[in-house]
Amino acid sequence: MPTSTASTRLGKNRTGMQTSPALAKAMLENAEEDVTEPTASFDGQALAEMRASYIRDADPLGSIPPPTTAKGAAKSGAKMMTGKRPQAFLDKLGERLAYERGGARLYDAAIAKFLAHASELRGVNVEELRQIRDEEVAHALLVQECIEQLGADPTVQTPSADLVGVQTMGLLQAVTDPRTSLAHTLNTLLAAELIDEAGWEILIAMAENMGQSDMAARFREAEEREQEHVFKVRGWYEALTVETERLV
Ligand SMILES: [Fe+2]
């Protein structure tokens, strides 16, 4: 039967070793034997060597294609001439685009979670969650426009876009899991927003470095919104967690 997810409840959790002192003792004895006589399956060195071999043989995560329009190519060429690396900037723009799009999906899942527990919100404003979600979409569109301005293709999955796609899978799994509470969901949103804010800071610095001061100004506005997201989500998370724990 579904129950309240807002509070941390007592239950039959048997994952701790102290659930079974006798078996815990036997397990520790076994672990001690493994330390003195390491077997192949517990040999950390073998694992490190295997990882090193995969790393040596791996292809890069991806690449950045050349700009697709003549105007963009000319611009990129000019930047190349000054020793700056437009491909690194395009990679980070691709990253921000992927992250903002992922952020909108994360908030879609969070809004569904909050609506399902509407009686437990304790000060969290779902309308404000929707507003944050819409701002993530607006940020994705802003970055898309900037990529196009540089003559590049915004549909390209750049290496860093690939990276953040993998990273955000864990965040999405945490929020879409029907068992996670509102506090768990806000904890996850806070993690996402902190990364987001840092990502914009780096993008602003890169835009300035590339001589794209107009873009940098627009990115600064986006970063201000992201700071508000961090502030709001952190506030809701703290209020929900601290208030709930006081009530238990
Ligand atoms: Fe955000």
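Note that the numbering runs from 1 along the sequence shown for the chain. Just so you know, these numbers use all the heavy atoms, side chains as well, and skip hydrogens, waters and symmetry mates. Order of appearance sets the numbers: ligands from 1, and atoms from 1 within every ligand.
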Completion exercise
For V233 and L186, the nearest pair of non-hydrogen atoms, with its separation, is CG1-O, 3.6 Å
Practice task
Verify the distance criterion only: is there a donor paired with an acceptor across the side chains of D196 and Y99 at less than 3.5 Å?
Solution key: no
Problem - E226 and its side chain to side chain contact (heavy atoms under 4.5 Å, CB included) partner, picked from E136, E201, E135 - result: E136
Completion exercise
Output for pair (Q45 CD, M50 CE), nearest 0.5 Å, gives 12.5 Å
Fill in the blank from the handout: One should read off an interatomic distance between L106 CG and L189 CG, to the nearest 0.5 angstrom, of 5.0 Å
Practice task
Would you list the protein N, O or S atoms within less than 2.8 Å of the Fe ion (ligand 1), leaving out water?
Solution key: E136 OE2, E193 OE1, E193 OE2, E226 OE1, H229 ND1
Handout entry: Set of side-chain contact (heavy atoms from CB on, under 4.5 Å) partners for E95, sequence neighbours left out
Key = K92, S160, V164
